[in-house]
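The next block holds one structure in the form of structure tokens; read it before the comments.
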Amino acid sequence: MLSKPSTSSVPSHVTFQFLKFFANHGNLGRARQLFDQIPEPNLHSWTILINAYTKWGIPKESIKLYFGLRKKEIEPDKFVLLSVAKACAACSDLSRGIRVHEDAIRFGFVETDLVLGNALINMYGKCGSAEGAQKVFDDMPMKDVISWTSIAASYVNCGLPGEALRVFREMGLSRVRPNSVAVSTVLPACSDLKALNLGREIHGLVVRNWQGENVFVSSGLVDMYAKCSSIRQARMVFDSMTRRDIVSWNVILTTYFSNGDCEEALKLFDSMKGEGISANPASYNAMIGGCIHNGLNERALELLAQMQGLGFKPNQITITSVLPACANLESLRGGMEIHGYGIRHWFVEDIIVATALLLMYAKCGNLEGARRIFDYMPRKDTVAWNTMILANSMHGHGEEALSLFREMIDLGIKPNSVTFTGVLSGCSHSRLVDESLASFNSMSRDHGIKPDADHYSCIVDVLGRAGRLIEAYEFIQKMPVEPSAGAWGALLGSCRVYKNVELGRIAANHLFEIEPDNPGNYILLSNIFVNAELWDDASKIRKMMRDRGITKTPGCSWIQVKDRVYTFVAGDKKTAQSDKIYRFLDELSEKLRLAGYIPDFDFALQDVDQEEKEEGLGGHSEKLAVAFGIMNLNKGSSIRVFKNLRICGDCHNFFKFTAKIVGVQIMVRDSMRFHHFRDGFCSCNDFW
DNA sequence: ATAGGGTTAG
């Protein structure tokens with residue numbers, strides 16, 4: 001009937017009825033066609049179409065239409081304004097939202113229409129403008145619960161939970177009774193601030209005022225208690241709920257994972273079904289993220305497969321949760337596969353996904369890959385900049401870390417305390433002493449950020465690595481925060497390098513108190529003694545370790561060849577190719593000696609373990625892994641080895657020669673940083 | 001016109 005419409009033969013009120021019909025049923029193409037046939041569409045027709053585009057998830061088109069209408073100088077009414085305000089909120093389109101607000105003022109609706117006012121508050125909140133939301137709120141002569149809730153939600157949305165709670169208080173003082181929506185809006189603000197007492201107060205208010213249970217509120221309470229680290233309280237509320245939905249379950253799962261209790265979380269995950277609740281994609285994301293956070297990487301991958309088996313497609317959140325596992329397993333290949341999946345699904349546009357990818361590349365040793373992601377990001381926030389700075393620091397590119405920092409400041413991106421952790425650690429790895437002191441001093445002066453224990457430790461590290469041990473020690477004594485293990489550890493490490501026995505003793509004794517179970521500190525001090533030929537002291541340390549039941553963490557290194565990760569421990573003789581590897585290493589050593597390599601036997605003694613000492617330098621796990629890599633990887637591809645402890649000094653020297661003589665690029669990531677060996681040099685400038 | 005869970009940096 002409508003296949004060949006002609007405006008002259010169909011009365012306009014009939015066209016209008018059809019327009020309404022198609023708009024209501026989501027057939028926007030048809031609705032648009034009809035709309036375009038109306039020679040002079042009236043406001044009502046415009047409104048119907050604008051409303052439909054917002055309602056059916058195409059808010060951009062609504063906004064476009066609205067401004068088309070304004071061009072025709074048709075005066076908007078409150079209904080169109082409401083619809084387009086919602087559309088601006090959905091698109092986070094602040095600049096258009098402001099124009100809509102101006103229209104609302106110009107045509108006199110802000111003072112008269114509560115509903116529109118509320119929608120405008122909401123629009124500003126969703127667009128990230130807390131000031132805008134507050135302005136609308138202040139201009140409204142009448143406010144109801146929804147206005148109050150909307151302004152509170154705006155603050156939560158804009159990352160100002162303290163303001164949200166202030167609003168909630170004021171709301172009470174204005175004799176507006178909060179309803180369940182208001183409470184569930186404001187509970188996450190308590191969680192963000194870890195405001196347990198306020199959260200408890202709100203809990204009391206809920207108990208006193210409502211008999212009936214509300215799932216939103218109860219789940220919010222569970223979450224609030226969990227985030228305020230009251231796991232028992234969270235569980236009590238959860239257990240007391242008469243009806244739980246999928247969100248309640250997801251909250252309790254996350255609670256246990258964040259508390260490190262994977263067993264309980266996994267148990268609860270299995271028991272949901274018994275209550276007739278089946279896991280949704282968010283449940284799987286919570287499970288995968290939780291497992292990975294707690295080191296259960298394999299389990300996470302199983303859950304990922306299980307999730308896909310159920311027909312749930314991994315989304316942005318899934319892949320950002322999985323990516324850290326790729327760095328943990330040092331599986332660049334797996335990470336790149338996820339990158340590919342992200343590209344195919346347009347997830348890489350997401351700033352959080354992109355940041356996670358960036359870090360994955362950096363942690364897998366591919367700094368260029370990390371940089372490509374960074375350059376491609378359309379919008380970069382503080383976290384993205386911090387991650388890029390940290391990536392450069394890890395790889396020993398202190399200058400680049402600093403120049404990124406300057407660039408970030410010039411662009412007006414606000415740094416935070418993590419920014420400085422990245423910059424300072426980058427400086428310390430690159431011996432940029434003056435630069436690091438300068439940026440440390442600028443923290444509170446220019447950026448209003450109070451240095452924390454980590455920042456102080458970085459400075460100790462900088463001074464120590466520069467050989468300014470006394471200054472480093474004085475700095476520790478003067479610092480206004482309790483010196484952490486990081487600070488003393490940095491000093492102890494420098495004492496090892498600069499062979500300072502007395503300060504080494506002092507630093508180690510502090511460490512023995514702060515972290516009595518960390519074997520590394522005992523080993524370091526014992527090495528310092530051995531080096532100074534203080535054999536008695538060294539054996540005392542070894543006795544101390546035995547008495548306390550502390551064993552040395554075995555050094556292990558691994559490398560990926562094709563799809564497999566091969567792991568080596570010191571003196572490893574069990575590997576399939578171990579005979580070949582040792583023969584290869586022997587021959588290689590000979591060649592390197594001719595080129596000037598001198599083995600440093602100091603490091604043969606670095607291991608307290610008896611058997612390991614016997615193996616000497618030749619069997620260090622990183623040497624085995626590198627040799628294996630040279631033997632098994634194609635010529636021209638670079639060798640990427642990962643080690644759980646700090647790289648040994650002799651191995652470091654050995655690799656510099658290897659890189660030059662064999663003509664390969666070797667990358668070793670140890671527990672401190674990345675080392676890139678190339679043509680006889682290491683990116684760390686022999687400083688680690 | 002207002003509501004909850006799963007995600008990125010140390």
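Throughout, protein chains are lettered first and strands after them, A, B, ... in sequence-line order, and every chain is numbered starting at 1.
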Looking at A:Arg646 and A:Asp670, is any side-chain nitrogen of the basic one under 4.0 Å from a carboxylate oxygen of the acidic one?
no

Contact class for A:Ser417 vs. all strands (heavy atom < 4.0 Å): base, sugar-phosphate, or nothing?
base

Return yes if a side-chain donor-acceptor contact under 3.5 Å exists between A:Asn416 and A:Thr382, otherwise no.
no

So what does A:Lys78 touch, heavy atoms closer than 4.0 Å: a base, only the sugar-phosphate, or nothing?
nothing

Counting any heavy atom closer than 4.0 Å, what does A:Asp454 reach on the DNA or RNA strands: base, sugar-phosphate only, or nothing?
nothing

Partner set under ring pair (Phe, Tyr, Trp, His ring centres under 6.0 Å) for A:Phe420, not counting sequence neighbours
A:Phe405, A:His447

The criterion is side-chain contact (heavy atoms from CB on, under 4.5 Å); which residues satisfy it with A:Asp103, sequence neighbours excluded?
A:Tyr66, A:Arg70, A:Leu81, A:Arg106, A:Phe107

Contact class for A:Val215 vs. all strands (heavy atom < 4.0 Å): base, sugar-phosphate, or nothing?
base

Under a 4.0 Å heavy-atom criterion, DNA chain B is touched by chain A from B:dA1 to B:dG10

Identify, with sequence neighbours excluded, every residue that meets salt bridge (charged side-chain N to carboxylate O under 4.0 Å, His left out) alongside A:Glu275.
A:Arg244

Quick one: ring pair (Phe, Tyr, Trp, His ring centres under 6.0 Å) partners of A:Tyr456, sequence neighbours excluded?
A:Phe440, A:Phe475

By a strict heavy-atom criterion of less than 4.0 Å, which residues belonging to residues 372-392 of chain A are in contact with DNA chain B?
A:Val383, A:Asn386, A:Thr387, A:Leu390

Would you mind checking if A:Lys380 and A:Glu407 are paired as a salt bridge, meaning a charged N to carboxylate O distance below 4.0 Å?
no

Sequence neighbours left out, what passes ring pair (Phe, Tyr, Trp, His ring centres under 6.0 Å) with A:Tyr361? Give chain and number order.
A:His339

Would you name the heavy atoms of A:Ile459 and A:Ser436 that are closest together and state the gap between them?
CD1-O, 4.0 Å

Taken in chain and number order and not counting sequence neighbours, the residues that satisfy ring pair (Phe, Tyr, Trp, His ring centres under 6.0 Å) with A:His101 are A:Tyr124

Which atom pairs, one a donor and one an acceptor, fall under 3.5 Å between side chains of residues 344-352 of chain A and the rest of the protein, sequence neighbours left out?
residue, atom, partner, partner atom, Å
A:His345, ND1, A:Tyr341, O, 2.9
A:Asp350, OD1, A:Ile352, N, 2.7
A:Asp350, OD1, A:Val353, N, 3.3

Identify, with sequence neighbours excluded, every residue that meets salt bridge (charged side-chain N to carboxylate O under 4.0 Å, His left out) alongside A:Asp239.
A:Arg235

Any residue in residues 345-355 of chain A with a heavy atom nearer than 4.0 angstrom to DNA chain B? Just list them by number, or reply none.
A:Ile352, A:Thr355

Using a 4.0 Å heavy-atom cut-off, does A:Ser219 contact any base of the nucleic acid, only the sugar-phosphate backbone, or nothing at all?
base

Members of residues 236-254 of chain A that approach DNA chain B, where some heavy atom sits under 4.0 Å away:
A:Asp245, A:Ile246, A:Val247, A:Asn250, A:Val251, A:Thr254

Would you tell me whether A:His455 and A:Thr421 have side-chain atoms, one donor and one acceptor, within less than 3.5 Å of each other?
yes

